[in-house]
Amino acid sequence: EDCKREIESVAQHAKATRDSGFLLTEQGGNPDPMLDSARAAMEEVRGALNAGNPGAAEAGLQTIRKLGNEARDAIDAQVAARDSCAARIEEFERLIKEHATSVARATECRESLERDYAQASWENVAGNLRLAEEATAQFEPLFEQAKSASGGDSQCYFHALALLDNAGEH
């Protein structure tokens, strides 16, 4: 009975989380397969008890507890991943604006150097602007994919976090 209540508690947690707007469909964040497996294990426990096999019943109860914990953790991980995505996207948007300002200033500086000084005096920094532009070209698509993956219709927060991690390397 305790295991049954725990599974129903996790199912209610999933329902409440979905009711608050979460899809909970992303691989690793969907509690349903774990809850289905826990319910199937409950049937196996009943069978083991009816067959007079307490060892198998105890093993089944442990499996049910483990699956219930995993299902609850999956739900909570989705909520945490959504919150992390939102914070990281906001931070990246701030950094993108700063980067755009820096690139604009660097472009002006380069033009000034080209106009006012001999190439030999600034050629060791000539490639810096190109490097910044290349990094931006690699970063922006990953960032846009992450924003899309974390959006309302997709809600693939784990995937979005992986994309943000990858984008942050550029």
Side-chain angles (χ1 to χ4, degrees), residues 1-100 131-170:
E1 284 301 311
D2 287 343
C3 285
K4 182 178 181 180
R5 279 192 296 274
E6 176 60 20
I7 295 306
E8 291 312 311
S9 170
V10 174
Q12 287 299 326
H13 182 42
K15 182 183 182 320
T17 304
R18 284 187 171 112
D19 288 348
S20 73
F22 282 85
L23 299 176
L24 298 179
T25 55
E26 185 175 12
Q27 184 176 351
N30 183 350
D32 296 338
M34 293 167 259
L35 290 171
D36 291 344
S37 295
R39 289 182 183 111
M42 285 174 51
E43 292 303 316
E44 292 174 14
V45 167
R46 284 188 189 104
L49 289 172
N50 289 337
N53 189 344
E58 180 58 33
L61 291 172
Q62 289 176 6
T63 297
I64 293 167
R65 287 184 197 102
K66 178 180 176 273
L67 289 166
N69 289 335
E70 289 174 358
R72 186 176 299 281
D73 291 347
I75 296 165
D76 295 343
Q78 277 285 285
V79 173
R82 187 242 1 229
D83 294 346
S84 181
C85 277
R88 291 184 66 194
I89 286 170
E90 184 177 315
E91 175 66 9
F92 274 126
E93 286 173 337
R94 184 186 65 73
L95 292 172
I96 288 168
K97 287 177 185 173
E98 287 178 9
H99 180 72
L131 293 174
E133 290 168 345
E134 288 173 1
T136 300
Q138 292 175 347
F139 169 84
E140 285 179 344
L142 294 170
F143 178 69
E144 291 302 321
Q145 288 173 23
K147 282 179 27 180
S148 177
S150 67
D153 293 340
S154 177
Q155 293 189 4
C156 293
Y157 301 118
F158 301 143
H159 178 63
L161 286 173
L163 289 167
L164 290 170
D165 286 344
N166 195 0
E169 293 174 6
H170 296 287

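Heavy-atom contacts from other residues, nucleotides or ligands closer than 6.0 Å to CD of E90 number 12 or fewer.
Using a 4.0 Å cut-off between a side-chain N of Lys or Arg and a carboxylate O of Asp or Glu, D165 and R88 qualify as a salt bridge. The residues E93 and K97 are annotated as not salt-bridged, no charged nitrogen and carboxylate oxygen being separated by less than 4.0 angstrom. Remark: R82 does not engage E26 in a salt bridge, criterion side-chain N to carboxylate O under 4.0 Å. Between E8 and K4 no salt bridge is recorded (no basic side-chain N to carboxylate O distance below 4.0 Å).
For the atom pair CG of D153 and CG of L23, the computed distance is 8.0 Å after rounding to the nearest 0.5 Å. Separation of atoms CD1 (I89) and CD (E144) is listed at 9.5 Å; rounding is to 0.5 Å. Interatomic distance, CG of D2 versus OG of S9, reported as 12.0 Å (0.5 Å rounding). Once rounded to the nearest 0.5 Å, the distance linking CD1 of I7 with CZ of R72 reads 9.0 Å. Here the CD-CG distance, from E6 to L67, works out to 11.5 Å after rounding to the nearest 0.5 Å. Considering CG of L164 and CD of E169, their distance stands at 11.5 Å, rounded to 0.5 Å.
Without hydrogens or angle criteria, Q155 side chain to G21 main chain gives a donor-acceptor distance under 3.5 Å. Judged by distance alone, the side chain of N50 and the main-chain N or O of R46 form a donor-acceptor pair under 3.5 Å. For the pair T17 (side chain) and H13 (backbone), a donor-acceptor distance under 3.5 Å is present.
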Would you sort out whether E43 and R39 count as a salt bridge (charged side-chain N to carboxylate O under 4.0 Å, His left out), showing the intermediate values? CA-CA 7 Å; E43 292 303 316; R39 289 182 183 111; over 6 Å; no
E134/L131 under side chain to side chain contact (heavy atoms under 4.5 Å, CB included): CA gap, chis, key distance, verdict: CA-CA 5 Å; E134 288 173 1; L131 293 174; 3.9 Å; yes
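Contact detail for A41 and T63: the closest heavy-atom pair is CB-CG2, 4.4 Å. Of all the heavy atoms in A137 and P141, the pair that sits closest is O-CD, 3.0 Å. Residues Y157 and C85 share a closest heavy-atom pair of O-SG, 3.6 Å. A14 and L24 make their closest contact through O-CD1, 3.8 Å (heavy atoms, listed as atom of the first residue, atom of the second, distance). In this structure, C3 and L61 approach most closely via the heavy-atom pair SG-CD2, 3.7 Å. A71 and M34 get closest at one heavy-atom pair: N-SD, 3.5 Å.
Ring geometry, F139 versus F92: the interplanar angle falls from 30° to 60°, so the pair is classed tilted.
A 4.5 Å side-chain heavy-atom check between R18 and P31 finds at least one atom pair inside the cut-off.
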